[in-house]
Amino acid sequence: MFHNFNLAMKCVFLILAALGLSVADEGSTYDHFRLPTALRPRRYDVRLLTQLENPDDFRFSGTVKIQIEVLQNTHNITVHSKDLTIDDTEITLSQIGGESTTENCITSTAVNPTHDFYILNTCKELLAGQVYELSLPFSAKLQDQLAGYYRSSYVDTVANETRWISVTQFEPASARLAFPCFDEPGYKASFAITLGYHKKYTGLSNMPVKETRPHESIPDYVWTAFEESLPMSTYLVAYSLNDFSHKPSTLPNGTLFRTWARSNAIDQCDYAAEFGPKVLNYYEELFGIKFPLSKVDQIAVPDFIAGAMENWGLVTFAENALLYSPEYSALEAKQVTANIVAHELAHQWFGNLVTMKWWTDLWLNEGFATYVASLCVEDIHPEWRTLQLVSMSNLLTMFRKDSLESSHPISRPIEMTSQISESFDEISYQKGSSVIRMMHLFLGEEAFRTGLKSYLEKYTYKNAEQDNLWESLTQAAHKIGSLPKDYDIKTIMDSWTLQTGYPVIYVTRDYTSRTAKLSQERYLLNSDVSRAHKGCWWVPLSYTSQEEKDFNNTVPKEWMECTETGESVPKTIEDLPGPDQWVIFNNQLSAPYKVNYDAQNWKLLIETLNSEDYQSIHVVNRAQLIDDVLFFAWTGEQDYEIALQVISYLQRERELLPWKSAFDNLKFVNGILQQSSVFHPQSFKRRLITPIYEHLNGINDTVASEQQQEKTILNAMVADWACLFEVSDCVAQALNYYRSWRSEANPDEVNPVPLGFRDVVYCTAIKHGSVEDWDFLWTRYQKANVATEKHIILDSLGCSQEVWVQQRYLERNFDGMGAIRKQDSTSVFQAIATSEVGFLLAKKYLMDNVDSISKFYHPQSESMSELLPPLCEQIFTRRDYDEFMNFLDSSKEQLKDIEQTISQSLETMLINVQWMERNYERFTRAIKKHV
Ligand code: BES
Ligand code: ZN
């Protein structure tokens, strides 16, 4: 009877859900997106059987027993559960603890599909202070959706067979797809996991194995029980069944460290296995807290939605993120691996040991891990000198994203699961890490470390919010004396984390009194929007002058302050040099703001840049001047004439950062020019790039040492643009290398294309080549065993100029046949959409097939957010803007989970239209004067 009632209720719910309504069942009207707070889980016992043998019937089933502490009297229990079948006749509930166990029971259950709730109404009231054990049986299909508990596969080339494995991806809200649970980060509990599976597999989970014994009834099956975990959030739980090999590495302090991959790729694990334990040591030292688990496994999963995931003790990676082959991957890939391992292991403390209370503070997790990973890699590989480069790229990324009016504060309210997913963005990662870097630089090493350590110790196994961190840091800084007593971190940092955007500082010098007046306003690219009254930031002011040239001092000499009502306090800087000397603010870009100067100061800067003495300006500040002036010119607040005078100096420049800054900006102008039939400033571009291309000796096969990393990266970057603009011998060289590869008897074994230039060589060959060239590369893709190589090939296949070849590639990308993995489909789409002929095809394809594409990604519909930017960045006429806006508007249902991307895309297009209508003329006029 109660079973049928429940079924009937489910039907009512489905109908209501379909109508867009949501209610809870008759007993409970609970319809809030957060779990009720009357209960708290203490311990989970998850027992789970997985069947991976029959490809027609992959499934898992199990029972979860949850110990629940009652905080307030209640008549119902609400847990998260999504796409799980729960047999409610088998549910049991009993009171535990005290002298005896008392049975309770469930009168009815209900679901709330909007919030993934499964609600159980209890026979007797649950009383505050008591502890209950709820036992829920569940089962589901093991699908391929890259979230929850899912399956992945690879081809064993020796046996020529497909092999299946299983793995989890729970962050941010997918543990509920694997077992019923209180799926919010604040509900920390300990987890005892037991996995049942065929004995040919290895079972891995967060904790070490406690015991393995034969299954009581299924032949050849075993049960493996893992040790009970430390208190942790559901999103960090992980397990996997696989037939992988592993490479052990041992830490001097005894943590067992293993790196896992399919057997055929085990030789690509050497670097990660060697690097990982060093990282643990580094963080133990940095945080002053020992790593609390006795083992770490890192595993390369063939199908994986992100780059990597920090599950406590069982870190999962995409293959191209973890595996490195000295023979088949460029040195850059090694840096990517280092950075990503360092990032995930940083989370073991920052995120796992201490976790955010709610997803509003996700940025603390991600911004911190991003920042300290850059410190860690710099410490272990000082020869790569990556800290500067990584800090700079983070700043460049955030300057662009956060200059949109549709951006959002770092710390943001979260009210829907789709908003959690949307928070894993450039604002959390790149802006988050940039403001933490700013704080590190103005606090100094000692206060930063001491404050961090006391925060981590205080909240170990608990949850915290940003205010808790600010408090620990303020205390440390005041004690050490690195922050004025009347300043506190919260006031300063709130201005950066609670407000959208970042400021531009206007520096207006008075050359007779040797002073400068400073003012600030929010920097916005959209010139239709007023910047007034859009916020006030506490800005640490470091600066230097032509005579002082002390760029190394990043400790602020002064601050720009805000009043309590959020008005900027006007600032005057004194004792500046005379009228023939420049000043520069923000030494080494130590804080995320832009600076605009009066005309005379720009003139002085341009003179130095265009002289032998250009290196007297710090390399990071040279990159800053380029990025700033190009932004100002784009919006029309600075003359293109001035901007071009600044970037002309690049003819002398031989270092990476200024070039990166220039190319990042060029990308946006080029995206538009590529699609317009009008003026192409070819000769200007060639004049700019030829000297550096020739200085670096174009595409060459000299093997660079690790000390020359920056040069290698610059060389690859320059070759990329040089071949695109057909500079010097770039195209000819690329075609030569490709031709000699094609003529190899065994091209899968022997590849003469230099490792650092494979992307540009392949892309150029496909762009200028035949269908046979394309098919040759496609075959190499299918045969390649190294994920980074596969990636490069997939991207290059999108460079064709042949319409039907591009169309065929688009269709293959979404056909679901598995030749291209779902995880790679967004980058394939991007490659096609950013090519000259692919843009229109990709745009049309998306507009015609938005429905089937959204089904293709379901339930990871946030992946669709990656399809829009490459298109919008190239739309610049009112007509196309209107057309695309109408499309977005009529696809609301399919795009409902990516609202943030949609508003950013609309604004990006609008900004392009503004540029075309207002500044394009000025741009061409200035360029023509320069050639
Ligand atoms: N916690 C994330 C993984 C993640 C990303 C989960 C998105 C859910 C949604 C992990 O720590 C992470 O940040 N991974 C990055 C790599 C990192 C080096 C920037 C990623 O996967 O891109
Ligand atoms: Zn992360």
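Remember, it's 1-based here, ligands and their atoms both numbered in the order they're listed.
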Counting heavy atoms only, name the option from [options] that's nearest to [atom].
{"atom": "atom 3 (C) of ligand 1", "options": "S423, A373, A308", "result": "A308"}
{"atom": "atom 5 (C) of ligand 1", "options": "F170, Y235, F424", "result": "F424"}
{"atom": "atom 21 (O) of ligand 1", "options": "G307, S421, G351", "result": "G307"}

Determine whether any heavy atom of I340 lies closer than 4.0 Å to an atom of ligand 1.
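For ligand 1, residue contact (heavy atoms, under 4.0 Å) with I340 is present.
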Do the ring planes of [X] and [Y] sit parallel (below 30°), tilted (30 to 60°) or perpendicular (above 60°)?
{"X": "H343", "Y": "H347", "answer": "perpendicular"}
{"X": "F814", "Y": "Y857", "answer": "perpendicular"}
{"X": "F33", "Y": "W358", "answer": "tilted"}
{"X": "Y271", "Y": "Y324", "answer": "perpendicular"}
{"X": "F291", "Y": "W349", "answer": "tilted"}
{"X": "Y459", "Y": "Y455", "answer": "tilted"}

Ligand 1 versus E310: contacting region, heavy-atom distance under 4.0 Å
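Just the side chain.
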Identify the protein heavy atom lying closest to atom 6 (C) of ligand 1, giving its residue, its atom name and the separation to 0.1 Å.
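Checking every protein heavy atom, the shortest distance to atom 6 (C) of ligand 1 gives E171 OE1, 3.3 Å.
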List the closest protein heavy-atom neighbour of atom 15 (C) of ligand 1: residue, atom name, distance to the nearest 0.1 Å.
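Going atom by atom, the protein heavy atom closest to atom 15 (C) of ligand 1 ends up being E344 OE2, 4.1 Å.
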Output yes when E319 and K790 qualify as a salt bridge under the 4.0 Å nitrogen-oxygen rule, no when they do not.
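Answer for the salt bridge query: no.
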Quick check: [X] and ligand 1, any N/O pair under 3.5 Å apart?
{"X": "M309", "result": "no"}
{"X": "N339", "result": "no"}
{"X": "Q169", "result": "no"}

Which N, O or S atom of E366 lies nearest to the Zn ion (ligand 2), by name
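The nearest such atom is OE1.
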